[in-house]
Structures are given as structure tokens and as C-alpha cells.
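Residue numbering restarts at 1 for every chain, and letters A, B, ... go by the order of the sequence lines.
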Amino acid sequence: MSTFEIRYLLFSGYTSMLSIKDIVPAALNNITTQFILLDKGKVATEGQSKTCLALVADESAAVHFQFWGEECDLFKPGDIIRLTNGIFSYNRNHLLLRAGKRGSIEKVGEFTMTYVETPNISEMRWVPDANNSKKYVQEAVISPYSRIFPPML
Amino acid sequence: MASKLLQLAPHEAENHLELSLRQAFQLLEPKLRPPFPLKILTSDECPDLTRAILYGALTETHLAKTHIKHLHATVSDGYVLFVNLLARIVNELYDKLAETAKTQVLWAAGEMVDVSAVGFSGLLVSLLRQIVGGDFGSGNLWLCFEMVSLFLGKWDCLLEEDPLILTSALYNFLRLLADHCRATVDSRLDALKRLEIEFCVKMLREQFGLCLKFGRDLIRLLQDLVHVPEFRAIWRDLVSNPREFGVAGFLDVAQIYSMRTSSRYFSLRLTPEAETQLRFMLTHVKFGNQKRHQTWFASKFFCSPERETLIVDIVRFICCAHYPPREIIHSNTIPRWAVIGWLLKSCRKNYVEANAKLALFYDWLFFDERVDKVKNIEPALSLMVHSIPHYIELTHALLEFLFLLVDNYDMEQKDMIANRVSSSFTLLINQGLSRNLENLTSGEIIPPPLKEKLRCFLSDTRVGTAQEIQPSKTLGHLIPMEVGTALPEEHLTDV
């Protein structure tokens with residue numbers, strides 16, 4: 001690796017990409033990952049802002065994602081999206097991945113990504129770890145696939 | 001003040017290629033203003049200066065001529081880097097380019113032809129591929145107009161430097177003309193159509209020997225244009241007066257049938273993006289899990305009814321230019337025949353569907369083991385065989401269409417075509433591909449007349465009895481460069 005590339009890695013805010021299957025619920029804005037947008041629901045209003053629920057996935061797992069504000073209209077199914085400093089937590093009883101106030105999303109490509117629709121980590125029951133109450137672990141599968149966005153057959 | 005090279009949508013990630021050019025430009029901007037230093041550049045400095053000049057030429061319209069002069073003064077690699085970067089911009093970023101930058105790209109491409117830059121043909125091919133068939137938007141028609149004007153305007157230079165690029169342009173404009181001629185009367189199109197016809201007719205009348213290099217698909221494309229008077233006249237001469245073209249040894253249209261079209265032509269009518277996505281589908285997407293990818297592909301590339309003709313180009317591309325490696329064939333990746341089945345089902349217009357089926361069977365009609373590839377005829381048979389259990393009506397429709405082609409495609413050559421179709425069947429059976437198809441002739445799943453015809457084609461006795469044409473001896477010098485005897489390892493032995 002050239003010194004230039006090392007410098008790039010050190011100073012470009014490079015953080016390692018998480019696989020969706022390795023994401024756990026937490027009140028932290030520290031999730032950086034990349035996924036393909038599979039399906040979008042209707043745009044709704046939450047307080048002052050528009051929101052839109054979506055199904056996203058990578059090669060390891062799927063998850064429900066919440067678009068916020070202008071994001072709702074700027075992405076379409078098939079887009080490959082990079083999430084930086086996102087958060088995976090409960091929002092009105094739904095377990096959702098989103099950029100949140102401190103995170104961001106950007107479109108990095110289209111189409112050329114494979115994915116799985118099961119497991120879906122939003123469709124799992126998570127409980128605090130017996131040994132470490134701050135950490136969540138999977139307790140049970142509520143549904144193997146998204147109940148909101150069923151697979152396309 | 002430089003304008004932007006790209007027009008990115010909000011939330012779109014920065015592009016590395018654009019960034020590298022912009023950074024070079026910002027770093028070297030003071031050196032891009034005359035008077036230019038006379039110092040000879042080191043090999044390290046050259047690439048960055050070329051990037052900076054390219055960025056300047058595309059974004060500073062008013063200084064573009066100065067930038068190109070600067071390039072002429074400093075270039076030491078025959079313009080290879082400049083041309084390659086320009087081609088990458090076209091391949092990867094054309095849709096995202098600002099309008100002024102698109103105009104500058106076209107202008108810079110013309111400059112590169114004028115200096116016979118190394119690799120200029122590749123750049124022209126990249127630009128040709130950005131023209132979208134069936135897209136009547138003003139931006140797309142502008143590009144088409146600029147390109148056909150470039151080919152006409154720089155005809156002598158292109159003919160001298162790289163005549164084969166003219167055959168690529170011919171393939172493109174014949175194909176685009178078919179779409180443009182089908183459009184409802186539109187005055188914007190008239191001027192463009194006149195130029196396209198002028199270019200194609202000039203090629204066919206003045207450089208017919210060159211046109212022959214592109215092989216049998218020349219006939220397929222010409223037939224789609226017989227309703228245009230200029231092409232009807234050419235067609236008449238092809239059939240009844242072949243000497244009119246002044247090519248020694250060219251005596252019969254059947255000689256063109258015997259030449260397999262080189263695979264490099266089939267990607268010309270797909271944008272690089274469509275090719276990337278299609279190849280991704282055929283190498284990464286699992287069979288049974290393809291629905292979403294297919295939906296995205298269709299909504300991007302066949303979004304309007306006029307753009308459906310792309311299906312014909314894709315079918316031909318899959319048959320003749322995309323050969324999955326053995327490990328993909330044996331994996332659970334979606335096979336070529338399944339993608340073709342989906343494409344045929346996606347046709348909403350009858351003439352598109354008929355042309356797509358013709359594209360699928362085209363090499364069957366003229367198959368010659370000495371020049372053709374089994375891989376090119378395999379998808380049609382696999383589609384028929386795999387459709388038997390659940391989509392038998394598709395198998396029927398395909399068989400009926402094939403027999404219709406045998407009887408009607410070219411009445412003068414009916415025996416030859418019947419013979420070639422029969423040998424296609426025989427060859428595929430010998431490769432173990434069509435055991436199920438043979439069951440069709442014994443069971444009750446297809447109507448008796450169809451069964452009788454199929455039985456006739458499947459019987460080996462036909463092969464070798466019909467008269468053979470022997471074109472390669474007299475016309476050897478005209479056969480496309482890529483053509484050669486199909487090697488045994490190229491054959492699909494197991495699917």
C-alpha cells in the first residue's frame with residue numbers, strides 16, 4: 001500500500017463497513033454500512049417531517065430503514081446506499097436503521113449488489129445480554145422475512 | 001471561472017474520476033495560463049498536467065482552444081492518456097455530465113480524430129454507445145446528430161486511419177434508423193434521419209467490401225429498413241445485381257449469410273451501464289431470486305414503449321457476446337435462456353417480439369460448424385427445452401416461429417436454411433442438450449403437424465443432403481477477422 005493510500009485511509013474518515021447481520025440495537029450513532037434499497041413504503045409524516053419506511057439488505061441480512069425529510073424522494077429501489085454514523089434503535093415500537101441527526105446517507109451506485117431478504121434483523125426479538133445489560137442479543141425470530149415488505153416472487 | 005463537470009443529484013456520492021481530474025486542475029491551474037513554460041516535463045508531471053488540461057478543456061469553454069494547444073505542445077504519449085480518460089468519462093459519467101461538458105466532450109473527440117490520437121476509435125465507440133435507441137429526448141437526438149455529423153465530416157480521415165470504426169458506425173446507425181423511421185412524424189427527426197441515411201447509403205454504396213466485414217447481421221438490420229426507398233434500392237441490387245457493389249468475388253447474398261458477425265458489434269447498442277447490469281445479472285444473481293433485479297432493469301431501460309426495441313439488441317448480445325464461464329454455468333446463477341425467456345415475455349409490441357425471436361434464432365438459419373459457435377445457438381434450444389414442463393406454449397411458439405423462418409425467411413435459400421437448422425439441432429443433440437426435445441416428437445404434448453416437422457428436422461438423414469454453399473474460398477478476404485473454425489473446447493458440452 002502506498003503512503004498516499006495509507007494517508008487516505010487515516011484521514012478520510014474511513015471506518016470499517018459493518019455487515020447488516022452484525023448490527024445490534026444500541027443508542028449509538030456509530031453504524032457505517034452499505035446496502036441496496038429493495039422496496040419503499042408510502043411517505044408518512046412524523047411530527048414536522050416526512051418519513052418513509054423501506055426494506056434494505058446486503059449479502060448477509062435485511063433490515064428496515066427509515067428515510068427522513070428529503071431523503072424520502074431522492075432514493076429509488078435498486079440504489080446502492082452508503083450509511084455513515086447511522087443508528088439502529090426502536091422508533092415507535094419499530095426496530096429501524098436510520099441516519100439520525102448525526103449520520104448521513106449517500107448513493108454510491110445502482111443495481112450491482114446481491115442481497116438476501118432473510119434473516120431480517122428488524123424482525124427479531126432482542127433482549128439485554130444477561131452478562132452485560134447494555135448489550136442486546138437476539139432472543140427469537142419473529143418472522144424470517146419482512147412482514148411489511150414480503151419477498152417478490 | 002470553471003463550470004462544473006458533473007451535475008450530481010443531492011445525496012449522490014462524489015466520483016473518484018471527477019475528483020482526480022478536479023484536484024489536478026486546482027493544483028496546476030497557474031500553469032494552465034499562457035505563456036506556457038518551455039521546460040520539458042518529467043514523466044511524473046505529465047499525467048497530472050494531462051488531467052488538468054482535460055478538466056480545463058471540459059469546464060472552461062472559453063479557454064478550451066488554449067488548453068488543447070497546450071496539450072498539443074506537451075503531449076508525449078500519442079494522446080493515449082487524454083483519450084483514455086475522455087473515454088472513461090464517457091463510459092462512466094456521460095449521463096451525469098453538465099450540458100456544456102457534453103458539448104466539450106464531443107468537440108474534444110473531434111480534435112482527437114483530427115490528430116489521429118492513439119485509441120481514438122475506442123473513444124468514438126464509447127460515444128456511439130451512449131446514443132439510446134428509441135429515446136426521442138432532445139439530448140439523445142443531439143448526441144446522435146453530432147455523431148453522425150462527425151462520421152460524415154471526418155469520413156476520409158477515418159477511412160484512412162481506422163476503416164473498421166466506420167463499420168461500427170454503420171451497425172449503429174442502421175439500427176438507430178429503424179427506431180427513428182418507426183417514430184410518428186416528427187420534424188425534429190427529419191434532418192437527423194436524412195444524415196443517418198446519407199451515412200449508411202454512402203457506406204453501402206462506396207465501401208461495400210468494408211460493410212461485408214460485419215457479417216450476416218448486416219442483412220438482419222437491412223431488412224428492418226426495406227420500407228425506406230434508399231434501402232429498398234440497395235436490397236434490390238443485393239438480390240438481383242450484386243456486381244453493382246464492385247466487390248470482386250461477391251456474387252450472392254448467401255455469401256453474407258455464411259459470415260458470422262463478430263461479437264464486438266453486439267455490445268454497440270447497449271450503453272455501458274446496461275451491459276454492466278446485464279452481465280451482473282448473468283454472473284451474480286441467483287436463479288429464483290432475480291425478480292427485483294429484473295424489475296429494476298426493465299424500469300430503467302425499457303421505461304417507454306419506444307425503448308422496447310432494445311430487447312432485440314440484448315437477446316442478440318446474450319446469444320453472441322456473453323459466454324458465462326463453466327463455474328457460472330454449474331452454479332445456481334440465472335442462466336442465459338431464463339433471461340431471454342423473461343425478455344421475450346417483456347415484449348409488448350408484436351414486431352419487437354418477432355424481431356427478438358429472429359435475433360434468438362438468427363445463427364440457427366446459417367449455422368456452419370466451421371465458422372459458427374455452438375454457444376450462440378444454445379440459448380434458443382435451452383429455452384425451448386426448459387419451457388416444456390411449465391411453459392409449453394412458449395416451446396410451441398418458438399418452434400412454430402423457427403419453422404416459419406425456415407419456410408419464409410429467404411425463399412431463394414430455403415433448402416440451405418432448412419439444412420442449417422437441421423444441423424443446428426443435430427449438433428446440439430450430439431452435445432447432449434436436447435434429450436427432452438426428442439421426447440416432444442413421441443409424446444402428445446405438441447400438435448401433430450408441429451411434431452411431424454420437428455421429427456423431420458431432428459432426423460440425421462437431412463444433414464448433408466441439401467446443397468452446400470462454399471463461400472469461404474471465393475470470399476476469404478472478406479470474412480470478418482474474428483471468424484475462425486470453432487474450437488472443440490469452445491463448445492458447450494454440458495448445460
Side-chain angles (χ1 to χ4, degrees), chain A residues 2 4-5 7-8 12-14 17 32 34-40 52 54-59 62 65 67-84 86 98-99 103-118 145-146 149-153, chain B residues 6-20 23-24 27 44 47-48 91-96 270-303 328 331-334 338-339 342 390:
Chain A
S2 72
F4 176 78
E5 279 170 288
R7 235 185 312 154
Y8 178 80
S12 64
Y14 178 89
M17 290 271 177
T32 292
Q34 193 162 303
F35 45 73
I36 188 160
L37 172 57
L38 303 185
D39 208 347
K40 269 170 85 179
C52 178
L55 177 67
V56 303
D58 67 6
E59 291 86 353
F65 186 86
F67 289 109
W68 187 264
E70 65 163 6
E71 293 168 5
C72 297
D73 306 313
L74 290 170
F75 295 91
K76 59 176 195 316
D79 284 353
I80 299 170
I81 299 170
R82 185 186 300 140
L83 168 69
T84 310
R98 61 206 158 92
S104 63
I105 53 172
E106 54 182 0
K107 175 174 166 175
V108 293
E110 241 177 64
F111 197 88
T112 50
M113 186 169 169
T114 54
Y115 61 87
V116 292
E117 292 187 52
T118 187
Y145 290 93
S146 167
F149 304 101
M152 209 185 218
L153 296 172
Chain B
L6 302 183
Q7 277 176 322
L8 292 180
H11 287 288
E12 202 163 345
E14 198 162 40
N15 179 277
H16 293 298
L17 174 59
E18 190 264 351
L19 186 66
S20 74
Q23 284 177 340
L27 189 72
D44 287 348
D48 276 341
N91 286 336
E92 297 169 27
L93 299 170
Y94 186 82
D95 279 340
K96 294 175 183 167
L270 273 68
T271 59
E273 194 178 21
E275 181 181 348
T276 303
Q277 296 196 2
L278 193 65
R279 286 197 194 270
F280 180 83
M281 193 143 56
L282 287 160
T283 48
H284 287 82
V285 176
K286 288 196 184 100
F287 195 19
N289 198 23
Q290 73 273 23
K291 199 62 185 277
R292 291 191 196 275
H293 275 106
Q294 286 180 343
T295 308
W296 300 331
F297 189 89
S299 66
K300 185 169 180 103
F301 298 108
F302 329 136
C303 53
I328 296 285
S331 71
N332 54 358
T333 307
I334 184 165
V339 172
W342 159 66
H390 299 294

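Contact annotation for A/L38: both backbone and side-chain heavy atoms come within less than 4.5 Å of a heavy atom of chain B. Contacts between A/Y115 and chain B at a heavy-atom distance below 4.5 Å involve backbone atoms as well as side-chain atoms. A/L37 touches chain B through its backbone: at least one of N, CA, C or O sits under 4.5 Å from a heavy atom, while the side chain does not. Neither the backbone nor the side chain of B/S299 comes within less than 4.5 Å of any heavy atom of chain A. For chain A, the nearby parts of B/N289 are the backbone and the side chain; heavy atoms of each come within less than 4.5 Å.
Counting heavy-atom pairs closer than 4.5 Å to chain A, the top-ranked of the candidates B/A13, B/G288, B/P10 is B/A13. Chain B forms the most heavy-atom pairs under 4.5 Å with one residue out of A/E71, A/R82, A/E117, and that residue is A/E117.
Take B/D95 and apply the salt bridge (charged side-chain N to carboxylate O under 4.0 Å, His left out) test, not counting sequence neighbours, and it matches no residue. A search for salt bridge (charged side-chain N to carboxylate O under 4.0 Å, His left out) contacts involving B/E14 returns B/R22, not counting sequence neighbours.
The closest side-chain heavy-atom distance from B/M281 to A/F111 is below 4.5 Å.
In this structure, A/K107 NZ and B/L8 CG are separated by 10.5 Å, a value rounded to the nearest 0.5 Å. Atom CG of residue A/D79 and atom NE2 of residue B/H11 lie 12.0 Å apart, to the nearest 0.5 angstrom. Interatomic distance, NZ of B/K300 versus NZ of A/K76, reported as 5.5 Å (0.5 Å rounding). Here the straight-line distance linking atom CD of B/E273 with atom OG1 of A/T112 works out to 9.5 Å at 0.5 Å rounding.
Although no hydrogens or angles enter the test, the distance criterion places a donor-acceptor pair under 3.5 Å between the side chain of B/H293 and the main chain of A/M113.
For A/T114 against B/H284, the heavy-atom pair with the smallest separation is CG2-O, 3.5 Å. Residues B/W296 and A/P77 approach most closely at NE1-CB, 3.3 Å, considering heavy atoms.
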